Q: 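Questions regarding the structure given below will be posed in turn.
If you're wondering where the values come from, they're calculated on a predicted model, not measured in any experiment.
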Amino acid sequence: MSRLRIAITGASGRMGRMLIEAVLAADDLELAAALDRDGSPTLGQDAGAFLGQTTGVAITSDVRAALSQADVLIDFTRPEGTMAHLALCAELGVRTVVGTTGFSPDDKTKIGEYAQRAAVMMAPNMSVGVNVVLKLLAQASKALSHGYDIEIVEAHHRHKVDAPSGTALKMGEVVAEALGRDLKTCAVYGREGVTGERDPSTIGFATVRGGDVIGDHTVMYLGIGERIEISHKASSRATFAQGSLRAARFLGERKTGLFDMNDVLGMA
């Protein structure tokens with residue numbers, strides 16, 4: 001059986017390198033292409049050079065040429081770059097694992113359209129643990145729907161450019177849906193000054209940025225006399241890489257459709 005051919009964007013970044021290392025260690029996957037932006041000093045270098053390995057795959061900025069060698073693209077970049085990559089993947093029939101966050105509603109609509117031409121697995125967090133936590137949040141929120149204030153706190157490294165994180169927003173969406181609310185109308189993003197008494201129908205968000213925090217998320221249910229916290233703390237990007245490879249294998253058996261990690265993990 002032939003190995004699934006994987007292309008990786010952001011090959012010189014922290015997540016890109018973690019993905020390359022994970023693919024090279026997998027017996028059933030082949031590193032087919034490694035992409036980076038124009039002007040990157042690593043262009044032309046072997047994709048495994050940072051590991052002291054020779055893979056025969058040079059880092060390139062030629063997206064079309066790279067995708068022509070791949071079955072699945074794994075993309076952790078920024079929305080504008082991911083959208084351009086998805087358009088080309090749809091044209092070429094390359095499936096895509098999307099770990100990018102910060103998409104606009106219009107972007108999400110277009111992603112759905114692209115998925116009708118080539119399969120897409122899209123999730124704000126590729127960690128298996130985080131996706132299990134999302135299921136726990138749905139159950140907990142239904143049980144704690146009365147008498148508890150809900151706050152979501154997340155922390156990430158100083159380089160993260162969007163806030164709240166895509167994972168925190170997904171947690172908020174799961175909680176709001178379980179409570180029969182619309183997150184767009186009940187979310188409160190930070191507080192300052194004289195805010196008045198807390199509206200019990202709201203879901204609060206707090207964001208921390210600093211250092212090298214990989215990703216911490218906590219949903220707090222604050223009642224009278226007790227507090228319940230459901231947390232996930234990532235200590236390594238390896239968890240996101242392994243979840244991404246699991247998603248790539250899932251897409252390897254599908255040609256079209258829009259999926260999420262619940263589909264990949266059989267929890268849909």
Side-chain angles (χ1 to χ4, degrees), residues 6 8-26 29 50-51 74-79 82 96-103 121-141 150-175 189-190 203-221 227-251 259-267:
I6 307 295
I8 294 171
T9 60
S12 305
R14 294 179 298 274
M15 192 64 217
R17 288 185 169 183
M18 187 65 72
L19 285 164
I20 289 171
E21 184 173 3
V23 169
L24 293 176
L29 304 176
F50 71 99
L51 295 170
I74 302 178
D75 193 313
F76 282 77
T77 53
R78 295 190 181 182
T82 300
T96 313
V97 174
V98 178
T100 305
T101 59
F103 292 107
M121 200 301 299
M122 178 179 171
N125 195 305
M126 296 294 172
S127 161
V128 172
V130 161
N131 285 279
V132 172
V133 164
L134 292 174
K135 284 294 185 182
L136 296 176
L137 290 175
Q139 185 174 2
S141 298
I150 302 173
E151 297 284 318
I152 301 173
V153 182
E154 60 98 345
H156 282 83
H157 52 86
R158 61 168 62 110
H159 302 292
K160 188 167 180 60
V161 298
D162 58 315
S165 70
T167 300
L169 291 172
K170 181 63 176 179
M171 288 177 167
E173 290 170 1
V174 168
V175 170
Y189 300 106
I203 297 172
F205 289 82
T207 296
V208 177
R209 291 286 177 270
D212 61 354
V213 179
I214 300 298
D216 292 354
H217 296 86
T218 297
V219 179
M220 306 170 68
Y221 298 85
R227 179 173 76 245
I228 300 156
E229 298 183 0
I230 298 177
S231 296
H232 180 275
K233 299 180 186 298
S235 58
S236 168
R237 289 181 177 81
T239 184
F240 309 132
Q242 291 303 319
S244 298
L245 299 195
R246 194 162 171 174
R249 294 182 181 103
F250 173 87
L251 289 186
F259 305 96
D260 62 18
M261 281 299 285
N262 284 336
D263 299 303
V264 174
L265 301 175
M267 300 192 302

Q: Would you compute the distance between atom CG of Asp75 and atom OG1 of Thr9 and round it to the nearest 0.5 angstrom?
A: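 If I round to the nearest 0.5 Å, the distance is 3.5 Å.
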Q: So how far is it from Ile152 CD1 to Lys170 NZ, rounded to the nearest 0.5 Å?
A: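 Between Ile152 CD1 and Lys170 NZ, I get 12.0 Å after rounding to 0.5 Å.
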Q: Can you name the closest pair of heavy atoms from Ala241 and Met18 and give their distance?
A: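 Smallest interatomic distance, heavy atoms only, reads CB-CG, 3.7 Å.
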Q: To check you understand the geometry: which heavy-atom pair defines the closest contact between Ala248 and Ile6, and what is its length?
A: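 Smallest interatomic distance, heavy atoms only, reads CB-CD1, 4.0 Å.
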Q: Any side-chain heavy atom of Met121 sitting closer than 4.5 Å to one from Met126?
A: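 Sidechains of Met126 and Met121: in contact.
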Q: Measuring only between side-chain heavy atoms, which start at C-beta, is Leu29 closer than 4.5 Å to Arg249?
A: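 Leu29 reaches Arg249 side chain to side chain.
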Q: State, with a plain yes or no, whether a side-chain heavy atom of Thr167 is found less than 4.5 Å away from one of Glu154.
A: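 Of all side-chain heavy-atom pairs linking Glu154 with Thr167, none is under 4.5 Å.
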Q: Surrounding CD of Glu229 (heavy atoms of other residues, nucleotides or ligands, distance under 6.0 Å), is the total greater than 12?
A: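 Check passes, neighbour count above 12.
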Q: Using the side-chain contact (heavy atoms from CB on, under 4.5 Å) rule, take Arg246 and Leu265 through it: C-alpha gap first, then chi angles, then the decisive distance, then the call.
A: CA-CA 9 Å; Arg246 194 162 171 174; Leu265 301 175; 3.4 Å; yes
Q: Counting only N and O atoms by type, is there a donor-acceptor contact under 3.5 Å from the side chain of Asp263 to the main-chain atoms of Asp260?
A: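 Checked: pair present.
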Q: Using only atom types and a distance under 3.5 Å, with no angle test, would you say the side chain of Asn131 pairs donor to acceptor with the backbone of Asn125?
A: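 At least one qualifying donor-acceptor pair exists.
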Q: Check whether any side-chain N or O of Ser127 sits under 3.5 Å from a backbone N or O of Gly129 as a donor-acceptor pair, and report yes or no.
A: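 Checked: pair present.
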Q: Please report the interatomic distance CZ(Phe250) to CG(Leu245), rounded to the nearest 0.5 Å.
A: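 Between atom CZ of Phe250 and atom CG of Leu245 there are 15.0 Å.
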Q: What's the verdict on side-chain contact (heavy atoms from CB on, under 4.5 Å) for Val264 and Met261, showing C-alpha distance, side-chain angles and the deciding distance?
A: CA-CA 5 Å; Val264 174; Met261 281 299 285; 4.1 Å; yes
Q: Compare all side-chain heavy atoms of Arg14 with those of His159 and state whether any distance is below 4.5 angstrom.
A: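 The answer is yes, as the side chains (C-beta and beyond) meet within the 4.5 Å cut-off.
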Q: Does the side chain of Phe240 reach to within under 4.5 Å of the side chain of Ile214, using non-hydrogen atoms?
A: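 They are in side-chain contact.
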Q: When you compare the side chain of Phe103 with that of Asp162, does any pair of heavy atoms fall below 4.5 Å?
A: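 Not touching, per the 4.5 Å side-chain cut-off.
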Q: Just checking, is any N or O donor in the side chain of Tyr189 or Thr207 under 3.5 Å from an acceptor N or O on the other one?
A: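 The answer is no; no qualifying pair exists.
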Q: Looking at Ser141 and Tyr221, what are the two nearest heavy atoms and their distance?
A: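 Closest approach of Ser141 to Tyr221: OG-OH, 2.8 Å.
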Q: Which atoms form the tightest heavy-atom contact between Ala155 and Val213, and what is the distance?
A: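 The answer is O-CG1, 3.5 Å.
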Q: When rounded to the nearest 0.5 angstrom, what distance separates CD1 in Ile230 from CG in Leu136?
A: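 Ile230 CD1 to Leu136 CG: 6.0 Å, rounded to 0.5 Å.
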Q: Please tell me if the side chains of Gln242 and Val128 come closer than 4.5 Å, counting only heavy atoms from C-beta onward.
A: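 They are not in contact (no side-chain heavy atoms under 4.5 Å apart), so the answer is no.
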Q: Is the shortest side-chain heavy-atom distance between His156 and His217 below 4.5 Å?
A: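 Side-chain contact under 4.5 Å: yes.
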Q: Any sub-3.5 Å donor-acceptor pair from Lys160's side-chain atoms to Ser165's backbone N or O?
A: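 Checking the backbone N and O of Ser165 against the side chain of Lys160, no donor-acceptor pair under 3.5 Å is found.
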Q: Any donor and acceptor pair, going by atom type alone, linking the side chain of Asp216 with main-chain N or O of Thr218 inside 3.5 Å?
A: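 Pair absent, no side-chain N/O of Asp216 close to backbone of Thr218.
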Q: Give me the atom names and distance for the closest heavy-atom approach of Leu169 to Pro164.
A: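 What the structure gives for the nearest pair is CD1-O, 4.0 Å.
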Q: Going through the distances and angles, do Leu134 and Met171 end up as a side-chain contact (heavy atoms from CB on, under 4.5 Å)?
A: CA-CA 6 Å; Leu134 292 174; Met171 288 177 167; 3.6 Å; yes
Q: Nearest 0.5 Å please: distance from the OG atom of Ser12 over to the CD1 atom of Ile20.
A: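 Ser12 OG to Ile20 CD1: 7.5 Å, rounded to 0.5 Å.
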Q: Going from CZ on Arg17 to CZ on Phe50, what distance comes out if it is rounded to the nearest 0.5 angstrom?
A: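 CZ of Phe50 is found 6.0 Å from CZ of Arg17.
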Q: Identify the heavy atoms of Pro79 and Gly102 that sit nearest to each other, and give their distance.
A: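 Where Pro79 meets Gly102 most closely, the heavy atoms are CG-O, 3.6 Å.
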